[in-house]
Amino acid sequence: MSPHPLFDLTGRTAMVTGANTGLGQAIAVALAEAGAGIVAVGRSAMTETAALVAGTGAPFREIRADLSSVAAVAPLMEEATADGTKIDILVNNAGIIRRADAVDFTEADWDAVMDVNLKTTFFLTQAVGRAMIDEGRGGKIINIASMLSFQGGIRIPSYTASKSGLAGLTRLLACEWAGKGINVNAIAPGYFDTNNTSALRADPKRSADILARIPAGHWGQPKELGGAAVFLASAAADYVHGIVLPVDGGWLAR
Ligand code: NAD
């Protein structure tokens with residue numbers, strides 16, 4: 001069955017960072033199912049994602065990059081576009097988390113998280129956005145935010161700062177670029193079953209407390225995020241700018 005024309009991404013190219021696992025993999029597959037070619041960016045081999053995207057028939061390319069440093073951005077853009085490829089959709093999904101009480105939190109854990117989640121995300125977005133503007137093509141940028149873009153959380157100070165910052169950055173970029181045909185939005189996943197939350201799920205009390213407050217009654221499965229990404233990447237969202245869309249099983253409504 002072909003997608004509704006408003007959601008059809010055939011002929012578009014989507015760059016998805018951190019596409020080798022979890023939410024990034026699910027987003028890459030969903031965008032491919034809607035027709036987009038995928039440029040998957042990550043630190044390690046993306047064999048599983050490549051196989052899943054191949055199953056959709058969409059083109060797939062992988063680029064190795066360590067997004068802990070802004071120095072990765074220029075070579076990444078060079079490799080992505082050397083053959084004339086134009087990035088129509090950027091999904092800033094790569095992210096890390098470090099857990100410790102605020103009183104014990106180290107500078108190293110602060111910098112590591114801020115570098116990947118906020119600093120490189122901004123400068124990669126700047127590079128992709130600049131190309132979209134220079135070429136007059138417009139495009140779609142989707143940041144992967146968090147419940148910690150709205151709430152405080154505990155034991156994750158740099159993560160909360162980075163994801164709250166990412167929500168602000170989403171709004172700033174939307175204001176600067178909406179008039180240039182670029183839609184900048186974010187998705188805020190609730191509690192999903194991925195590496196990012198393995199420590200929470202391994203803690204019986206935290207795990208039960210979290211589950212008890214999710215109205216949908218289950219942790220999110222990565223596939224449950226794909227539709228929101230397709231929507232924000234598609235013509236259906238052409239007049240949607242600067243939102244942070246929760247996909248959270250009702251967590252924030254509680
Ligand atoms: P994950 O740990 O499986 O995925 C993180 C991805 O980022 C991996 O592919 C990893 O390789 C990549 N990455 C990390 N550091 C990188 C670096 N230096 N260079 C390149 N790639 C790097 O966990 P996930 O849950 O799939 O996380 C994806 C995104 O979703 C993250 O931004 C995370 O903060 C966000 N998120 C997750 C949840 C959740 O419940 N799982 C909730 C809210 C937000």
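Atoms within each ligand, like the ligands themselves, are counted from 1 in listed order.
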More than 12 heavy atoms of other groups within 6.0 Å of Glu107 CD
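Open.
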
Can you confirm whether more than 12 heavy atoms, excluding those of Gln151, are under 6.0 Å from its CD atom?
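Atom CD in Gln151 is crowded, with more than 12 foreign heavy atoms closer than 6.0 Å.
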
Quick one: does [X] get a heavy atom under 4.0 Å from ligand 1?
X      : result
Trp219 : no
Ala145 : yes
Gly190 : yes

Could you walk me through whether Lys205 and Asp209 pass the salt bridge (charged side-chain N to carboxylate O under 4.0 Å, His left out) check?
CA-CA 6 Å; Lys205 177 160 177 5; Asp209 286 351; 2.7 Å; yes

Heavy-atom distance to [atom]: which of [options] wins?
atom                    : options                      : value
atom 1 (P) of ligand 1  : Leu225, Leu76, Leu166, Thr21 : Thr21
atom 29 (C) of ligand 1 : Asn93, Leu67, Val91, Val41   : Asn93
atom 23 (O) of ligand 1 : Thr121, Asp248, Asn196       : Asn196

From [X] [atom1] over to [Y] [atom2], what is the distance, rounded to the nearest 0.5 angstrom?
X      : Y      : atom1 : atom2 : result
Leu166 : Ile144 : CG    : CD1   : 9.0 Å
Trp177 : Leu172 : CH2   : CG    : 9.0 Å
Lys163 : Asn117 : NZ    : CG    : 4.5 Å

Among all protein non-hydrogen atoms, which one is nearest to [atom], and what is the separation to 0.1 Å?
atom                    : value
atom 40 (O) of ligand 1 : Phe192 N, 2.7 Å
atom 14 (C) of ligand 1 : Arg43 NH2, 3.4 Å
atom 37 (C) of ligand 1 : Leu23 CD1, 3.5 Å
atom 25 (O) of ligand 1 : Thr194 OG1, 2.5 Å
atom 9 (O) of ligand 1  : Asn20 OD1, 2.6 Å
atom 2 (O) of ligand 1  : Asn195 CB, 3.5 Å
atom 18 (N) of ligand 1 : Asp66 OD1, 2.8 Å
atom 12 (C) of ligand 1 : Gly18 CA, 3.8 Å

For [X], atoms of ligand 1 separated by under 4.0 Å from a heavy atom:
X      : value
Gly22  : 26 (O)
Pro189 : 42 (C), 43 (C), 44 (C)
Gly95  : 5 (C), 7 (O), 14 (C), 31 (C), 32 (O)
Tyr191 : 40 (O)
Tyr159 : 33 (C), 34 (O), 35 (C), 36 (N), 43 (C), 44 (C)

Have a look at ligand 1 and work out which part of [X], if any, has a heavy atom under 4.0 Å from it: side chain, backbone, both or neither.
X      : result
Lys163 : side chain
Thr197 : side chain
Ala65  : backbone

Could you walk me through whether Thr49 and Gln25 satisfy the side chain to side chain donor-acceptor pair (under 3.5 Å) test, starting with their C-alpha distance in whole Å, then the side-chain angles of each, then the deciding distance to 0.1 Å, before giving a yes or no?
CA-CA 6 Å; Thr49 308; Gln25 180 180 79; 3.0 Å; yes

Please test Asn92 against Thr121 for side chain to side chain donor-acceptor pair (under 3.5 Å), starting from the C-alpha separation and ending with a verdict.
CA-CA 6 Å; Asn92 286 309; Thr121 294; 4.7 Å; no

Without hydrogens or angle criteria, can the side chains of Thr120 and Asp115 be said to hold a donor-acceptor pair below 3.5 Å?
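Thr120 vs Asp115: no donor-acceptor pair found between side chains.
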
Any sub-3.5 Å donor-acceptor pair from Arg61's side-chain atoms to Ala80's backbone N or O?
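Checking the backbone N and O of Ala80 against the side chain of Arg61, a donor-acceptor pair under 3.5 Å is found.
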
Pair Lys140 + Asp88, salt bridge at N-O below 4.0 Å:
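The answer is no: the pair does not qualify as a salt bridge.
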
Between Asp66 and Arg43, does any NZ, NE, NH1 or NH2 come within less than 4.0 Å of an OD or OE carboxylate oxygen?
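Not counted as a salt bridge, because no side-chain N and carboxylate O are separated by less than 4.0 Å.
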
Is there a polar contact between ligand 1 and [X], counting only N or O atoms under 3.5 Å apart?
X      : answer
Ala19  : no
Ser146 : no
Ile96  : no
Gly24  : no

What is the minimum heavy-atom distance between Arg99 and Thr197, and which atoms define it?
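That would be NH2-CA, 4.2 Å.
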
How are the rings of Trp251 and Tyr191 set to each other: parallel, tilted or perpendicular (split at 30° and 60°)?
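Rings of Trp251 and Tyr191: tilted, as their planes differ by 30° to 60°.
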
So, do Phe192 and Trp219 have ring centers that fall under 6.0 Å from each other?
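Phe192 vs Trp219: aromatic centres not under 6.0 Å.
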
